[in-house]
Amino acid sequence: MWFFSSDELEIKEMAKDFALKELKTQAAIHDEDETFNINAFKKMGELGVLGLTAHEDFGGSGLGATHATIVMEEFGKQCASTTLSYLAHSILCVNNINSNGSLEQKKKYLPKLISGEWIGAMGMSEPAHGSDAVGIQTKAEEKDSHFLINGTKMWITNAQYADVVYLYTRTGVEKKNLSTFIVEKGTPGFSIGKPIHKMGMRGSPTGELVFENAKVPKDQLVGKVGDSIYHMMKNLDIERITISGISLGIAKACLEQCIQYAGERSQFGKTIGEFQLIQKMIAEMSTEVAMMESFLYSTAKEYDRGNRSPHLAAQVKLAIPKMCTKIALDAIQLHGGYGYSREFPLERYLRDNKLNEIGAGTNEVMILIIAKQLLKHSKI
Amino acid sequence: MNHQTSFQSAFLPTEFHTEMRSQLHKFCSDQLEPLLEDDDEKEIFRPEIIAQLGELGVTGMTTSEKFGGQGLSLTDFCEALLEIAKCSVPYAVTISVSTMVQSILENYGSEEQKNRYLPPLASGKAIGAFCLSESGSGSDARSLKTSAKKVSGGYILHGNKMWITSGGVAKTYIVMARTDNPQRPNESHISAFIVEDGTKGLSFGKKEKKMGWRTSPTREVIFDQCFIPDDNLIMGEGKGFHVALSALDKGRITIGAIAVGLSERALEEATRYALFRQQFQKPIFEFQGLQFMLADMNLDYECAKILVQKAASLYDAGVPHPKISSMAKLKSTDAAMSITTDALQIFGGVGYTKEYPMERMMRDAKVLQIVEGTNQIQKSIIAKEMKKEFSPS
C-alpha cells in the first residue's frame with residue numbers, strides 16, 4: 001500500500017505475526033465456549049500495543065488512528081472477538097483517559113492499563129439509551145467528599161474483567177449535563193450484572209454494570225462537571241475508524257478464504273472458480289475490499305492530520321461494516337454447505353461482523369450525523 | 001376436504017387456512033417457542049414435537065388418506081409450513097423433507113412400499129430423510145459416487161452421503177446411488193433405494209456443527225456394504241435422477257413457503273418493536289429512516305409470498321413450471337436473508353443477543369439460500385428455461 005509509511009508497514013507486519021501466532025488458532029474455541037482469550041491480551045501488553053495512542057510518558061506509543069487501525073485490521077482478521085475487547089480497552093478506555101484525564105489520573109491509571117496488568121472498559125449505553133446516548137440516566141450526585149452513583153450500564157465490553165471503567169453519568173437535569181468518571185473495580189456499590197450472550201463476538205465478554213449508591217472519590221471526576229459531551233466528541237471518531245478496521249480485517253479474511261476455496265473445490269468436472277457466478281462474487285468482493293481499504297486509511301490519515309469533522313469517521317463507519325456483512329454472507333454462499341458449518345470460519349465472520357453495524361453508533365445514526373454536518377449551513 | 005386450486009382464491013385466505021394456521025400458531029407458541037432459545041444453544045432435537053405435529057395433521061398433509069395422510073394440496077401444506085416456520089425453521093424443514101420422502105414413495109413406489117413405509121411417516125411417528133448430496137457432489141448432484149452393486153436378491157450399497165437433515169433420527173432413508181447400466185456397460189446411471197434405519201452396515205457420522213438450524217440434526221450417513229433387498233428399489237434401475245428432480249421441484253416450493261414464514265415473523269417482530277421502542281422521546285417507527293426500511297422489507301416479503309403462492313397453485317393445477325418454482329425459491333430465500341438481517345438491525349443491541357429470536361432467525365435464514373439447489377444454480381435454471389422459451393422451436 002503506497003500510502004503506508006515504513007513505520008506503519010512495520011507495525012502492520014508485527015501485528016500480523018502476533019495475530020497468526022496468538023489469535024488465529026484460538027479464535028474458534030473462544031467463539032464456541034464464550035471465553036475470553038486473556039492470555040493473548042496479556043501478551044498484547046508485552047508487545048506494547050495496549051496504549052498505542054497514549055503518551056510515551058505513561059508507557060504509550062504516542063501514535064495515531066492510522067497505526068491503531070492497522071493493528072485492529074490485522075488482529076480482527078484472525079479473531080474479531082479478542083480484537084473488540086482490545087479496542088474497548090485501548091481506544092474506549094485508555095485513549096479517553098489519555099485525551100481527557102488530569103495528569104494525576106493519567107499517572108495513576110495509564111501505566112498499568114498499558115502494561116496489561118489492568119483491563120479497561122467504557123460505560124456509556126444503558127438499557128433505555130442506546131442511539132440516544134445523550135439521554136443517559138445513570139446519576140452522579142455530588143456529596144462532600146465523593147459522588148454517589150446510581151444506575152445501570154448495558155452492552156459493556158470487558159465488563160466481567162474490567163479493573164477500570166471510564167464511565168458517563170448524568171449530573172444535572174438539562175440534557176447535556178453529563179459528567180465522566182474513572183471507576184475502579186471493588187468500589188463499594190459497584191457490581192457487575194449478568195453476562196450477555198450474543199450472536200457473535202462471543203469471545204469478547206459483554207455485561208451489565210450496576211451502580212447502587214456507589215461512592216466514587218471526587219478526584220476521579222474527569223475534567224469538570226458537565227464535560228462529557230466534549231469528551232464524547234473527542235473520542236467517538238477514532239472509535240468509529242478503528243472498529244471499521246476490524247470489519248476490513250474480517251472482509252479480507254473472507255476474500256482470502258474464497259479465493260483459496262474457488263481454486264480447490266471442484267464440481268461439474270472443474271474448479272468452481274471457472275464458473276462466472278463465482279468469478280463475479282470474487283471480483284466484486286475484491287473490488288469492495290480495495291475501496292474500503294483506501295477509504296478507511298485515507299480517512300484515518302485525515303483524522304491524524306487534525307481534520308476532526310464528524311462526518312468523516314461516520315462515513316467510514318456507515319460504509320464499511322455494512323459492506324462487510326454482505327461480503328461475509330457471500331463468502332458463506334461461495335462455500336456452499338461447508339460455509340454453513342462451524343468447522344469453517346466463514347459463518348463466524350458473519351456473526352462477528354454484524355455487531356459492527358450496531359455498536360459504536362448504528363448505521364442509521366451515522367446517516368443522521370453525516371446529513372446534519374453537511375446541511376449545517378443550509379437553511380433547512 | 002378443502003382443496004385450494006384456483007389462482008384467484010390463492011390470494012385470499014380461506015376459512016380452512018385461517019383455522020389451521022390459528023391451531024398451529026397456538027401449538028407453536030405454547031409448546032415450541034418456550035423451548036427454542038435453550039434448545040438452539042444446546043442443539044437439542046425433540047422427535048416428540050414431530051409426533052405432536054403429526055397429531056395436528058401436518059406430517060402427512062399431502063399424502064393420500066389411504067396411507068394415513070390428509071390428502072390435501074401443496075398450497076394447503078405451504079400454509080402449514082409457513083406457520084410452523086414462523087416459530088422454528090428447522091422443525092418446518094424436518095417436516096418438509098419427511099413429506100418429500102412420502103411424495104416420492106406415493107408417486108413412484110410400489111403398493112407394498114407405500115403400505116409399508118407411508119403410514120408411520122404420515123403419522124409423524126417416523127421421520128423420513130433424503131440422501132443425495134455427498135462431500136464431492138453438491139451442486140453437481142449427478143456426479144455422486146455412492147454405488148449399488150447388483151447381487152442375488154438385492155444390491156450392495158456402499159458410500160457416504162453428506163449434509164443429511166434428520167440423519168441419525170430418521171426411520172426411512174431414500175438414497176440415490178449409482179448402478180451399472182446394462183445398455184451402456186461403460187456408463188452407470190442413478191437409482192433410488194429405500195433404506196431402513198437399523199440396516200446392517202448403516203451408520204452415522206457425528207452431528208454437524210452448523211451456524212443455524214441447530215435444533216435439526218445434520219449428519220453424514222455411511223453405507224458400509226449394506227444389503228438392500230430388490231423390494232426396496234424404487235421404480236426401476238436408472239430412474240433415480242428423475243425421482244430426485246421431481247422431488248426437488250416440489251421441495252423448492254416448500255422451502256419457499258418456509259422462507260416466507262421466516263420473513264413474516266421477522267417483519268412482524270421488527271414492526272412491533274419499532275412501534276414500541278422509544279428513543280429521542282418517540283417510537284423509533286416515527287423516524288423516516290426506519291419507515292423506509294420497514295416498507296422495503298414488507299414489499300420484498302409480499303413479492304416472495306406471491307411467487308410461492310403462484311408456484312404452489314401451478315403445481316396443484318398440474319401445470320409444470322420449473323422456472324416459477326426456481327424463482328419462488330430464489331426470491332423467497334434472498335428476501336428472508338435480507339429481511340432477517342434488517343429486522344435484527346431494527347432491534348439494535350438487543351437484536352444481537354440470544355434473549356431475542358432475531359439473531360437465530362438471521363442464522364437460520366442463510367442456509368435457505370444454499371439447500372435445495374443453491375440460489376446460483378436457481379439462476380442457471382431460470383436462464384436455461386428462458387433459453388427454451390425464446391429459442392425458435
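Basis for what follows: all heavy atoms, side chains included, without hydrogens, waters or symmetry-related copies. Here is how names work: the chains are called A, B, and so on, in the same order as the sequence lines, proteins then strands, and each is numbered from 1. Since the structure is predicted, the reported quantities are computational estimates derived from the model, not experimental observations.
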Is the closest basic N to carboxylate O distance between A/R342 and A/D31 below 4.0 Å?
no
Quiz item: cation-pi between A/K354 and B/Y352, 6.0 Å / 45°
no
Measure A/L350 against the heavy atoms of chain B and call it side chain, backbone, both or neither at under 4.5 Å.
side chain
Part of B/M358 lying under 4.5 Å from any heavy atom of chain A
neither
B/K161 side chain to B/R219 backbone, donor-acceptor under 3.5 Å:
no
Selection from A/E343, A/E357, A/Q333 maximising heavy-atom pairs under 4.5 Å formed with chain B:
A/Q333
Has the side chain of B/Q278 got a donor or acceptor atom that lies under 3.5 Å from a matching backbone atom of B/I284?
no
Top contributor to chain B contacts, counting heavy-atom pairs under 4.5 Å, from A/I358, A/I367, A/I196:
A/I358
Side chain / backbone / both / neither for B/Q369 at chain A, heavy atoms under 4.5 Å:
both
Which region of A/R351, side chain (C-beta onward) or backbone (N, CA, C, O), has a non-hydrogen atom less than 4.5 Å from a non-hydrogen atom of chain B, or is it both or neither?
both
Residue, of B/Q281, B/R277, B/E355, B/M337, that accumulates the most heavy atom pairs under 4.5 Å with chain A:
B/R277
Give me the atom names and distance for the closest heavy-atom approach of A/M199 to B/L344.
SD-CD1, 3.7 Å
Just so I understand: if I count every heavy-atom pair under 4.5 Å between each of A/P127, A/G269, A/G200 and chain B, which residue has the most?
A/G200
Ranked by heavy-atom pairs below 4.5 Å to chain B, first place among A/M201, A/M154, A/H129 goes to A/H129
Best-contacting candidate, B/E208, B/M293, B/R142, B/Q345, against chain A by heavy atom pairs under 4.5 angstrom
B/Q345
Can the positive tip of A/K270 be found less than 6.0 Å from the middle of the six-membered ring of A/F275, inside 45° of the ring normal?
yes
Separation of B/L248 CG from B/I377 CD1 (nearest 0.5 Å):
11.5 Å
Over all heavy atoms of both residues, which pair between B/M162 and B/E134 is shortest? Give the atoms and the distance, please.
CB-C, 3.7 Å
Tell me, side chain or backbone of A/M281 under 4.5 Å from chain B's heavy atoms, or both, or neither?
side chain
In terms of heavy-atom pairs under 4.5 Å with chain B, which of A/S125, A/G135, A/G130, A/G339 leads?
A/G130
Pick whichever of A/L368, A/T362, A/L355 has the most heavy-atom pairs under 4.5 Å with chain B.
A/L355
Less than 4.5 Å to any heavy atom of chain A: does that hold for the side chain of B/S135, its backbone, both, or neither?
both
If you take the centroid of each ring, where Trp contributes its six-membered ring, are B/W163 and A/Y338 closer together than 6.0 Å?
yes
Between A/L277 and chain B, which part of the residue has a heavy atom less than 4.5 Å away: side chain, backbone, both or neither?
side chain
Between B/Y173 and B/F204, is the ring centre distance below 6.0 Å?
yes
So, the part of B/R363 with a heavy atom under 4.5 Å from chain A: the answer is both
Contact summary for B/I255 and B/V371, nearest pair of heavy atoms:
CD1-CG2, 4.1 Å
When you look at NZ of B/K387, are more than 12 heavy atoms from neighbouring residues, nucleotides or ligands closer to it than 6.0 Å?
no
Look at the rings of A/H335 and A/F344 and say which category their plane angle falls in: under 30° parallel, 30 to 60° tilted, over 60° perpendicular.
perpendicular
When B/G138, B/G289, B/S143, B/S338 are compared by non-hydrogen pairs under 4.5 Å with chain A, the top option
B/G138
Bottom line for A/S266: the part with an atom under 4.5 Å from chain B's heavy atoms is backbone
Under a 4.5 Å heavy-atom cutoff, which of B/E359, B/K366, B/E41 has the most pairs with chain A?
B/K366
Which atoms of B/T341 approach chain A - backbone, side chain, both or neither, heavy atom under 4.5 Å:
both
Counting heavy-atom pairs under 4.5 Å with chain A, which one of B/Q279, B/R360, B/M362, B/K379 comes out on top?
B/Q279
Which atoms of B/I346 are under 4.5 Å from chain A, going by heavy atoms: the side chain, the backbone, both sets, or neither?
neither
